[in-house]
Amino acid sequence: METYNRDRHLHGVEEYEQQVHQSTGRDFSIGLILGLVVGTIGGLLLAPKSGDALRDDITDQANKLSKNFGTDESDSSLKEKAEQKTNELRDKLKDKKDEAVVKKSEMDEKNRVKSIDESDMRAQKEAIQEEVSENYTKDARTVDMSKYEEKNE
C-alpha cells in the first residue's frame, strides 16, 4: 500500500524524484554540526550551576587553553605535528598519483588494443565484402541471389 505524499502529489513525480536525488550528505553534515553547537550551548546555559559558577568554569577552561597554546614549547610541538601530518599527506598524495598514472597507462593500453582489434575487424569485413562482391553490382554488400535459386522446370 502506497502512502500519500503531498509534495509528490502537488509537484509531480519527476520534480519529487529530482529533489530526492539532489539531497546530499553535505546537508546532513551541516544539520549535524548545527545541532551539536546548539545542543552544547543549550546544555551549558541550562546546567544546574549558577551563572557565576558557570562563568568561572568557562574562564578557567579558557585560561588553560590559552596557557597551553601560549608557551613556546607547545608551539614547537604543534609545528612539528603539523609538519609531520603535512609530510604524511604529501606521501599519500604521491602514492595516489602513482596509482592514477598506472591506471591511466593500463586504460591507454586497453584502448590501444581495442582500437587495433576494431581496425582488424574492419579490415576483415572489407576483405570479405571484396571477396563476395560481384563486378556488376554497385555495392559490395549486395549479392545477386537469383543464380542460386532452384529452377523447377
Side-chain angles (χ1 to χ4, degrees), residues 1-133 137-143:
M1 179 173 163
E2 189 174 343
T3 60
Y4 176 75
N5 189 322
R6 183 178 145 269
D7 288 337
R8 196 168 98 191
H9 178 73
L10 293 177
H11 299 290
V13 173
E14 293 85 15
E15 187 175 334
Y16 177 74
E17 287 177 353
Q18 286 176 356
Q19 287 176 347
V20 168
H21 293 299
Q22 287 177 353
S23 66
T24 61
R26 184 185 67 177
D27 298 335
F28 174 76
S29 300
I30 290 171
L32 179 67
I33 291 170
L34 186 63
L36 286 172
V37 169
V38 169
T40 302
I41 292 172
L44 288 174
L45 296 177
L46 298 175
K49 291 185 178 181
S50 67
D52 293 332
L54 181 61
R55 282 190 291 269
D56 289 340
D57 287 345
I58 292 173
T59 305
D60 291 340
Q61 291 295 327
N63 288 335
K64 285 180 185 177
L65 287 175
S66 66
K67 285 180 184 178
N68 286 342
F69 289 114
T71 62
D72 293 332
E73 184 178 305
S74 66
D75 286 343
S76 63
S77 67
L78 285 176
K79 286 179 186 177
E80 290 173 4
K81 287 181 182 178
E83 288 175 2
Q84 181 182 5
K85 290 290 184 183
T86 304
N87 291 334
E88 288 176 11
L89 287 175
R90 281 187 187 142
D91 292 341
K92 284 183 182 180
L93 282 174
K94 186 176 180 182
D95 292 342
K96 292 291 183 183
K97 179 184 173 189
D98 293 342
E99 288 176 15
V101 167
V102 168
K103 285 186 180 182
K104 183 183 182 301
S105 63
E106 288 175 359
M107 290 299 294
D108 290 343
E109 180 64 20
K110 284 181 183 179
N111 289 335
R112 186 185 68 80
V113 169
K114 186 177 179 182
S115 67
I116 290 173
D117 289 345
E118 288 175 354
S119 64
D120 286 346
M121 183 67 79
R122 264 188 260 118
Q124 287 177 359
K125 283 183 181 179
E126 290 172 3
I128 291 171
Q129 287 175 354
E130 287 176 12
E131 192 175 300
V132 172
S133 69
T137 60
K138 294 179 184 177
D139 188 6
R141 294 172 293 184
T142 305
V143 176

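Only this structure's heavy atoms are used, side chains among them; waters, hydrogens and symmetry mates stay out.
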To the nearest 0.5 Å, what is the distance between [atom1] ([X]) and [atom2] ([Y])?
X: Gln84; Y: Leu89; atom1: CD; atom2: CG; answer: 11.0 Å
X: Glu80; Y: Glu83; atom1: CD; atom2: CD; answer: 7.5 Å
X: Lys114; Y: Met107; atom1: NZ; atom2: CE; answer: 9.0 Å
X: Ser105; Y: Arg112; atom1: OG; atom2: CZ; answer: 12.0 Å
X: Leu65; Y: Asp60; atom1: CG; atom2: CG; answer: 11.0 Å
X: Thr86; Y: Asp91; atom1: OG1; atom2: CG; answer: 11.0 Å

(Q) A side-chain contact here means heavy atoms from C-beta on lying under 4.5 Å apart; do Lys104 and Asp108 qualify? (A) yes
Q) Do Asn63 and Thr59 touch side chain to side chain, with heavy atoms closer than 4.5 Å? A) yes
Q: With side chain to side chain contact (heavy atoms under 4.5 Å, CB included) as the test, would you mind laying out the steps for Asp117 and Val113 before giving the verdict?
A: CA-CA 6 Å; Asp117 289 345; Val113 169; 3.8 Å; yes
